Amino acid sequence: MGLTLAQKILKNHLVCGEMIAGQEIGIKIDQTLTQDATGTMAYLEFEAMGVPRVKTEKSVAYIDHNTLQSGFENADDHRFIGSVCKKHGIYFSRPGNGICHQVHLERFGIPGKTLIGSDSHTPTGGGIGMIAIGAGGMDVAVAMGGGTYYITCPKIVKVELTGKLSPWVAAKDVILEVLKRLSVKGGVGKIIEYTGEGVKTLSVPERATITNMGAELGATTSIFPSDETTREFLKAQAREEDYTPLSADADAVYDEVVEINLSELVPLAACPHSPDNVKSVAEIGEMKIDQVCIGSCTNSSLLDMLKVAYILKGKTVHPDVSLSIAPGSKQVLNMLAACGALSDMIDAGARILESACGPCIGMGQSPNSGGISLRTFNRNFEGRSGTKDGQIYLVSPELAAASALTGVLTDPRTLGDMPDFELPEVFTINDNMVVPPVSAEDMDSVEVLRGPNIKPFPVSDAMADEISAKCSLKVGDNITTDHIMPAGAKILPLRSNIPKISEYCFAVCDEKFHDRALEMGKSIIIGGSNYGQGSSREHAALAPLYLGVKAVIVKSFARIHMANLINAGIIPLTFANEADYDRIDQSDELKMTDLHNSIINADELTITNVTKGFDFKVKLDLSLRQREMLKAGGLLNYTRENSK
Ligand code: MIC
Ligand code: SF4
């Protein structure tokens with residue numbers, strides 16, 4: 001039986017386990033990436049492991065999320081990460097060099113290799129045929145130390161692309177269509193593999209837009225074949241030697257098949273407040289807009305920017321609209337400047353931002369109260385923009401630019417003929433903002449520089465045999481990590497300070513949560529389905545750990561967050577009977593006994609609701625490794641125990 005492309009790469013990297021969907025497998029990781037908002041924690045954890053030099057083929061640390069540096073906290077974190085990298089063998093991409101995923105695709109990604117990154121949009125690398133997976137910082141730290149990375153062997157969904165996109169219909173519309181069909185939890189436990197005749201009509205940046213936003217499906221990752229288009233892209237990046245042709249076997253067997261005829265797609269938008277709330281521009285109808293933001297790791301490539309510049313050239317942004325543009329990398333910005341496209345943007349009235357995440361993570365550009373903002377980003381969760389009642393629509397750069405000129409949601413197909421936008425044969429290459437590490441012999445000469453905001457991270461105690469705790473919070477379905485541990489300009493600088501950042505934990509849902517949880521001492525959280533979707537931030541597990549959360553009982557979990565909870569030593573449980581969710585209220589006291597035995601051996605656990613006087617069953621859907629990890633009190637304790 002033939003293999004799919006994803007299966008081939010996984011098989012090549014298999015360290016343990018069997019390639020059977022649903023079972024845990026361990027894979028070898030070739031490359032890692034971190035960004036600053038998750039990086040400090042990941043490097044503190046790496047230091048705690050005591051491995052002197054990274055054992056990967058390439059590890060890169062990017063500074064792209066918080067580049068505002070309002071106050072010393074950020075600058076200190078950047079300096080810490082820079083010095084750790086220099087010492088331990090990691091390449092350091094300085095602030096200004098660009099968004100991690102964009103730069104990694106341009107300069108470091110290699111078809112057929114495995115990459116994990118402490119950022120959920122790491123699957124961008126799937127655009128050049130990598131198995132690129134978002135993970136928690138601790139998993140990245142372990143991989144840097146040469147450790148195996150564990151995932152549930154995914155099912156493979158084939159997305160068969162036929163036809164060709166119509167003029168002004170974009171790659172963004174492809175992934176929005178997939179999201180519309182599969183939903184934000186439709187990809188959980190799956191890899192989305194793109195095949196078919198339509199693939200060759202898409203450039204590498206377009207493929208990367210699609211794999212990037214596959215994160216919003218909850219998928220393990222997404223992948224495109226590596227073909228002539230990939231070769232040309234790598235060649236233009238002066239990296240032709242990194243090219244290998246890769247595709248699925250002709251007789252590969254897939255678990256699901258989705259067919260998309262590119263020719264039939266129309267401009268789409270994800271409406272507030274979920275990336276899968278997708279409607280066509282025609283369905284949304286006439287809508288006045290206040291703001292347009294173009295950029296983010298989904299849509300900030302040179303190709304995207306050239307299209308935007310073309311649309312804006314010689315025109316003026318509508319007087320009621322604020323337009324900001326953040327080119328994805330120094331390379332993109334530089335090339336826009338050299339060809340005059342940047343000047344066209346500036347001339348039209350665009351506000352040019354630094355090549356960084358910026359507004360995508362709420363670092364400025366929050367819309368006005370109730371403001372309607374069109375963004376080329378990948379997430380429109382409530383409050384993420386920094387304005388609680390902001391109405392965020394996720395759209396293509398073409399649609400965003402066209403609308404910025406008219407002040408209303410505008411179908412880009414009204415722009416008339418579309419010229420051929422082609423990628424350059426040679427990109428402008430200058431890696432002078434990537435600082436290489438010192439050699440292993442010189443590592444002792446490098447001092448790691450720590451600022452006062454860098455506080456030790458919490459480590460869980462070994463699991464107690466009995467837990468009796470109150471429910472400190474009950475939340476509904478699709479809770480995102482932006483609810484659990486919000487980001488934004490005020491909170492992001494605290495990523496290295498868990499006690500301080502914990503003050504904002506769940507504040508979007510309930511401002512009193514922090515105080516209540518601390519007062520309870522230990523507690524349990526109850527949630528609905530797809531709990532923890534979105535970001536890979538392990539702070540969404542570390543802050544609850546710090547606040548005494550011992551277990552989270554939900555209808556279902558999102559992949560990365562569940563792994564982060566286990567790494568932190570918090571027990572993730574799912575209701576055996578979802579109806580029991582309705583029978584538990586906040587402040588109910590829940591009791592679990594005989595945990596030492598059940599955590600290792602049982603698939604189900606009985607919990608007593610002491611307050612209401614009934615028992616209910618929960619499932620322990622865990623591998624033996626995860627069970628042992630929980631018993632030890634998380635990944636660090638487990639690693640220490642096993643290396644004795
Ligand atoms: C995001 O888009 O939510 C982030 C910020 O990039 C996160 C990482 C983080 O929280 O630092 C992600 O997607 O993993
Ligand atoms: Fe940065 Fe936004 Fe991409 Fe996250 S989704 S990596 S915040 S640009």
Side-chain angles (χ1 to χ4, degrees), residues 4-6 101-102 105-106 109 111 121 123-130 132 157-182 191-217 219 221-237 243 245-248 257-268 296-308 328 332 376 378 395-399 412-413 418-425 427:
T4 79
L5 171 55
H101 309 304
Q102 175 65 26
L105 190 78
E106 291 168 356
H121 291 101
T124 313
I128 51 168
M130 300 186 88
V157 180
K158 162 160 136 173
V159 178
E160 172 95 22
L161 300 176
T162 54
K164 187 177 185 308
L165 289 172
S166 311
W168 302 117
V169 180
K172 182 63 153 264
D173 300 313
V174 179
I175 186 62
L176 289 176
E177 175 69 24
V178 179
L179 271 154
K180 184 179 173 180
R181 294 204 204 170
L182 301 185
I191 289 183
I192 316 292
E193 201 170 308
Y194 291 85
T195 65
E197 279 302 296
V199 165
K200 57 176 188 292
T201 68
L202 298 170
S203 64
V204 163
E206 289 175 306
R207 297 174 186 184
T209 293
I210 296 170
T211 57
N212 168 288
M213 212 173 159
E216 274 53 66
L217 296 163
T221 189
S222 304
I223 190 166
F224 271 85
S226 167
D227 57 10
E228 265 312 292
T229 308
T230 322
R231 191 184 62 77
E232 274 163 32
F233 175 81
L234 290 171
K235 186 171 172 217
Q237 291 284 356
Y243 173 68
L246 296 167
S247 58
V257 180
V258 174
E259 283 169 20
I260 294 186
N261 183 347
L262 297 173
S263 318
E264 286 171 4
L265 292 183
V266 295
L268 299 169
S296 95
C297 55
T298 317
N299 279 118
S300 60
S301 67
L302 181 66
L303 193 67
D304 284 333
M305 293 293 151
L306 289 175
K307 289 181 184 169
V308 169
V332 173
T376 66
N378 46 41
V395 299
S396 70
E398 293 85 332
L399 196 158
R413 291 174 301 177
M418 188 180 89
D420 267 344
F421 293 101
E422 282 192 5
L423 280 178
E425 276 175 25
F427 285 93

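Please read these numbers as outputs of a predicted model, since none were measured by experiment. All heavy atoms count here, side chains included; hydrogens, waters and symmetry mates do not.
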*Y243: partners by ring pair (Phe, Tyr, Trp, His ring centres under 6.0 Å), with sequence neighbours left out*: none
*Could you list the residues that satisfy side chain to side chain contact (heavy atoms under 4.5 Å, CB included) with A219, not counting sequence neighbours?*
I192, L217
*Atom of A6, atom of I191 and distance for their closest heavy-atom approach*: CB-CG2, 3.8 Å
_Under the criterion side chain to side chain contact (heavy atoms under 4.5 Å, CB included), I'd like the reasoning laid out for L182 against V258: C-alpha separation, chi angles, the key distance, then a yes or no._
CA-CA 9 Å; L182 301 185; V258 174; 4.2 Å; yes
*Residues two or more places apart in sequence or in another chain: which of them pass side chain to side chain contact (heavy atoms under 4.5 Å, CB included) with K235?*
R231, E240
*Value rounded to 0.5 Å, distance of SG in C297 from CG in L105*: 11.0 Å
_If only side-chain N and O atoms count, and only distance matters, is there a donor-acceptor pair under 3.5 Å linking H121 with N378?_
yes
_Least distance between heavy atoms, G109 atom then L234 atom_ = O-CD2, 4.3 Å
_Once salt bridge (charged side-chain N to carboxylate O under 4.0 Å, His left out) is applied, do any residues pair with E398, and if so which ones, sequence neighbours excluded?_
K307
*Can you sort out the partners of S263 under side-chain hydrogen bond (donor to acceptor under 3.5 Å, both in side chains), two or more places apart, ordered by chain and number?*
N261
*Indicate yes or no: at least one non-hydrogen side-chain atom of P412 is less than 4.5 angstrom from one of L399.*
yes
*asked:* Keeping T4 on the side-chain end and A248 on the backbone end, is there a donor-acceptor pair under 3.5 Å?
replied: no
*asked:* I need the minimum non-hydrogen distance between T201 and G163, along with the two atoms involved.
replied: CG2-O, 3.8 Å
_Selection residues 158-170 - residue pairs positive for salt bridge (charged side-chain N to carboxylate O under 4.0 Å, His left out), sequence neighbours left out_ = K158-E160
*asked:* Using the side-chain contact (heavy atoms from CB on, under 4.5 Å) definition, which of the options V157, L5, I210, I223 pairs with Y194?
replied: I210
_If you define the side chain from C-beta out and look only at heavy atoms, does anything of T211 sit under 4.5 Å from T221?_
no
_Is any side-chain heavy atom of I175 closer than 4.5 Å to one of S222?_
no
*Flag the pair L202 / F224 as yes when at least one side-chain heavy-atom distance between them is below 4.5 Å, and no otherwise.*
yes
_For P205 against L423, the heavy-atom pair lying closest together_ = CD-CD1, 3.6 Å
_Non-neighbouring partners of E197 that pass salt bridge (charged side-chain N to carboxylate O under 4.0 Å, His left out), sequence neighbours left out_ = K200
*Sequence neighbours left out, what pairs pass salt bridge (charged side-chain N to carboxylate O under 4.0 Å, His left out) with at least one residue falling in residues 171-182?*
E177-R181
*V174 side chain reached by L265 side chain, heavy atoms, under 4.5 Å*: yes
*What are the two closest heavy atoms between L262 and G198, and how far apart are they?*
CD1-O, 3.8 Å
_I'd like to know whether CD of E425 has more than 12 heavy-atom contacts from other residues, nucleotides or ligands below 6.0 angstrom._
no
*How would you list, by chain and number, every residue that makes a salt bridge (charged side-chain N to carboxylate O under 4.0 Å, His left out) with R413, sequence neighbours excluded?*
D411
_Among residues at least two apart in sequence or on other chains, which ones pass side chain to side chain contact (heavy atoms under 4.5 Å, CB included) with T229?_
V204, R207, D227
*Listed by chain and number, what are the side-chain hydrogen bond (donor to acceptor under 3.5 Å, both in side chains) partners of Q102, not counting sequence neighbours?*
E106
*asked:* If the condition is side chain to side chain contact (heavy atoms under 4.5 Å, CB included), which residues does P167 pass it with, not counting sequence neighbours?
replied: M418
*For the student: nearest non-hydrogen atoms of V169 and P267, plus distance*: CG2-CD, 4.0 Å
*So how far is it from S396 OG to L176 CG, rounded to the nearest 0.5 Å?*
8.5 Å
*Calculate, to the nearest 0.5 Å, the distance between atoms CG and CG belonging to N299 and D304 respectively.*
4.5 Å
